[in-house]
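Below is one structure, written out as structure tokens, with a few remarks after it.
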Amino acid sequence: MQRTLITSALPYINGIKHMGNLVGSQLPSDVYARFCRATGHEVMFICATDEHGTPAELAAAKAGRPVAEYCAEMHKVQARLASGFRLSFDHFGRTSSDENHTLTQHFAGRLADAGLIREVLEEQVYSNADGRFLPDRYIEGTCPNCSYDSARGDQCENCTKQLDPTDLINPRSVISGSGDLEVRETKHLFLRQSAMRRQLDEWIDNQIGWPVLTTSIAKKWLHDGEGLQDRGITRDLDWGVPVRRGDADWPGMENKVFYVWFDAPIGYIAATAEWAAVKGLGEDAWQRWWRTDKGAEDVRYVQFMGKDNVPFHTLSFPSTLMGSGEPWKLVDFIKSFNYLTYDGGQFSTSMGRGVFQDQALGLLPSDYWRWWLLTHVPETSDSEFTWENFQATVNKDLADVLGNFVSRVTKFCRSRFGKEVPSGGTYGATEETVIAELTTRVATYQKHMEAIEIRKAANELRAIWVAGNEYLHSAAPWAVFKKDAATAAATIRFAMNLIPFYATLSEPFIPDASKTMITAMKCGGYVWPKDVAAALGRLAGGEGFEVPEHLFTKISDDDREAMKAKCTGQEA
RNA sequence: GGGCCUGUAGCUCAAUUGGUCAGAGCAGAGCGCUCAUAACGCUUUGGUUGGGGGUUCGAGUCCCUCCGGGCCUACCA
């Protein structure tokens, strides 16, 4: 049995995410996971909330809550939304878990033992009023270059000049507004990625068929300027994984934590360990997915992420795994995505611009969103969400082509043949032709899914739906029925068989509608059509069935305008 | 400033490593059908593939340049 490990980039903990975050990683990974399961792979599909770092602390402070409590609650919110969109994670973990603490500290210890960690004494800005060190972008002041008065410590938004916090005139804390700042020395750990450069370069070169978006970003970081730079992996914060060297103290690093980008990807492994713990399984259960010395050598590992996450997954995380000197499973294929835009501009959390996940589920069932997002997933370039396009796509594809097909077939069957699938007549040349066409199309569909070409797969799936309507038109059972009820019975039996067939093929994209279809046909569940002819003979006649309610309701122009109004320009 | 991606019919997108590849879906037009969510089927109108130049027997597909969109990164030659 083929074994496939799938991870989706981890959503950050602060706040509700918009649809761009969903389409850029979690949703396509879910389609792939469902497809793999349907075709018989053993699948481990992992995601988690990324909970550490300053933004989480500040969001918690703003909410007037202890950060651990805030994260616990937001994790539940995000888990509920993931469930609402039917994301079929085997486990949705948290980077704040005990497992992640242990593993992160373990990796740091191994890397230190391998000589891949160096200590660096740095000067950073400390805010006395806030009682904490401030990251560069949390310091504001007047730009020495253009005199803009709200320049951030890392860059002036007005003149785009790169800045050092100490360059700012009248610097102040963004958090408290206090100008009581001072520069203090602090020691941090750096991961010596530069020492891994050659190894990473060879590893990237050996990857075949990775998207250009993925490799070009990795190569840029590896070769640009002076090459791959070492990166700080610790911070002066309270909230995070305490710096320890394995299970030992790390002298001089008291009261510091690992930086999020170091512990977050380790969270993939930790979340799998969480899964094992929840299931009451031992260490072996998760290690056979992650350790090539413990059963993972035959695992294919596929990662999904937005393009902003590529450097961490092509360089930093592999550095961590390779540098440990232990046989950890490295990624085999990285599927990266561009961005989704909203009516010509960026989705904006701060402006409340766009469609947010909780809003979306309040407006329409998840299948509507899944179908539109997946047929427009930004694989080759950024793609744009418009309400008009959403309405047109959903109405045409889901309500008209698929939903109406199920309606016309089941209603016709009920009115002319009663409560059971008719057993009269036999399939003939027309059916053979359709079987041949569908055999080709299913093969194409599967090829695209295996290559994780989501849009192409969706197009092929739609063509498979269309074939049903074409078949009905050419067989015209409503006309034939008047003279030859047996032949009409065979036609309608064939058409009825298309419903569980469609349900099975469509399940990765629209799981709820598929469930409705398969249930209505009372045929015992999904069976992947390895042999189309056999699949279309499952219902031999005599089976009961239900006429389902409309699978999809159309979105009227008024509905569309109302939804658009709800999602436009409110302050978040 | 540098690097990368991108610009194909009104809209959303396809076009095996240059050679019937100028296509599909939607929208528009016409016809047909009546089982069905005024749904479905068939036919059909749209493009000198952002502009210009070049290489080639032949270029959306390679090179140069200009214009537009996006992402990453930065003063380094």
Side-chain angles (χ1 to χ4, degrees), chain A residues 24 145 154-155 160-163 209 211-229 306-312 314-315 336-341 344-346 372-417 444 447-448 451 453-463 465-482 488 491-492 495-496 547-556:
Chain A
N145 187 49
D154 54 347
Q155 181 176 34
T160 74
K161 183 172 177 60
Q162 296 282 309
L163 299 171
V212 177
L213 187 63
T214 303
T215 51
S216 65
I217 291 173
K219 284 292 182 179
K220 160 77 173 166
W221 283 56
L222 277 167
H223 298 295
D224 194 50
E226 295 170 14
L228 189 58
Q229 299 298 300
K307 57 187 168 186
D308 52 327
N309 260 316
V310 169
F312 303 126
T314 52
L315 304 169
S336 53
F337 296 93
N338 290 282
Y339 296 140
L340 182 68
T341 61
Q346 298 279 348
W372 188 88
L373 290 169
L374 289 164
T375 50
H376 294 79
V377 60
E379 285 175 311
T380 52
S381 63
D382 291 354
S383 63
E384 180 179 359
F385 177 90
T386 65
W387 287 98
E388 288 74 15
N389 187 292
F390 176 69
Q391 175 193 27
T393 301
V394 163
N395 285 352
K396 192 68 191 175
D397 295 351
L398 297 182
D400 294 346
V401 175
L402 178 63
N404 181 56
F405 175 79
V406 173
S407 286
R408 65 194 297 204
V409 171
T410 51
K411 287 183 179 172
F412 184 83
C413 187
R414 174 110 325 158
S415 68
R416 305 298 156 87
F417 295 101
T444 303
K447 184 189 75 182
H448 290 320
E453 299 260 18
I454 307 283
R455 292 170 94 132
K456 289 180 181 174
N459 283 337
E460 198 60 31
L461 178 59
R462 186 186 187 283
W465 296 341
V466 168
N469 285 311
E470 291 172 351
Y471 167 71
L472 280 184
H473 177 80
S474 62
W478 46 88
V480 172
F481 181 78
K482 295 168 186 167
T491 295
I492 216 64
M496 293 286 275
V547 177
E549 294 297 310
H550 287 168
L551 246 37
F552 298 96
T553 306
K554 291 222 217 188
I555 300 169
S556 70

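What you see below is based on every heavy atom in this structure, not just the backbone, and it leaves out hydrogens, waters and symmetry mates. Residue numbers begin at 1 in each chain, while the letters A, B, ... track the order of the sequences.
In this structure, A/Val547 reaches neither bases nor backbone, as no heavy-atom distance under 4.0 Å exists between it and the strands shown. Here A/Ile492 lies out of heavy-atom contact (under 4.0 Å) with every strand.
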Please write out the pairs of protein N or O atoms and N or O atoms of nucleotides 9-14 of chain B separated by less than 3.5 Å, giving the distance to one decimal.
residue	atom	partner	partner atom	Å
B/C13	O5'	A/Arg455	NH2	3.0
B/A14	OP1	A/Thr380	OG1	3.0

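Side-chain contact between A/Phe337 and A/Lys307: absent, with no pair of heavy atoms (C-beta onward) separated by less than 4.5 Å.
Residue whose closest nucleotide on RNA chain B sits further toward the 5' end, between A/Lys396 and A/His550: A/His550.
Following rounding to the nearest Å, A/Asn404 (CG) and B/C33 (P) show an atom-to-atom distance of 18 Å. Following rounding to the nearest Å, A/Lys447 (NZ) and B/U16 (P) show an atom-to-atom distance of 12 Å. As a whole-Å value, the separation of A/Asp400 CG from B/A27 C1' is 14 Å.
The side chain of A/Ser407 lies closest to B/U37 when the candidates are B/C35, B/C26, B/U37. The side chain of A/Phe552 lies closest to B/U37 when the candidates are B/A36, B/U37, B/C35. Distance from the side chain of A/Arg408 is smallest for B/C35 among the nucleotides B/U37, B/C35, B/C72.
Both stacking criteria are satisfied for A/Trp478 over the base of B/C35: a centre-to-centre distance under 5.5 angstrom and an angle between ring planes under 30 degrees.
Residues satisfying the salt bridge (Lys or Arg N to Asp or Glu O under 4.0 Å) criterion with A/Arg455, sequence neighbours excluded, are absent altogether. A search for ring pair (Phe, Tyr, Trp, His ring centres under 6.0 Å) contacts involving A/His376 returns A/Trp372, not counting sequence neighbours. Annotation: salt bridge (Lys or Arg N to Asp or Glu O under 4.0 Å) contacts of A/Lys447 (sequence neighbours excluded): none. By the salt bridge (Lys or Arg N to Asp or Glu O under 4.0 Å) test, A/Lys456 pairs with no residue at all, sequence neighbours left out.
Of all the heavy atoms in A/Ala475 and A/Thr491, the pair that sits closest is CB-CG2, 3.5 Å. Minimum interatomic distance between A/Ala218 and A/Thr314 (heavy atoms only, all atoms of both residues): CB-OG1, 3.5 Å.
Taking atom P in both B/C76 and B/C71, the straight-line distance is 26 Å, to the nearest Å.
With its glycosidic angle within 90° of 0, B/G60 is assigned syn. By the rule that a glycosidic angle within 90° of 0 means syn, B/G10 does not qualify and counts as anti.
RNA chain B contains the following stems of three or more consecutive Watson-Crick or G-U pairs, with both distances under 3.5 Å: B:1-7 with B:67-73, B:10-13 with B:23-26, B:28-32 with B:40-44, B:50-54 with B:62-66.
If you look at A/Tyr471 and A/Phe405, their ring centroids are not closer than 6.0 Å.
Taking the six-membered ring where the residue is Trp, A/Phe385 and A/Phe390 present tilted rings, their angle falling between 30° and 60°.
The phosphate of B/G70 has neither OP1 nor OP2 within less than 4.0 Å of any side-chain N or O from A/Lys307.
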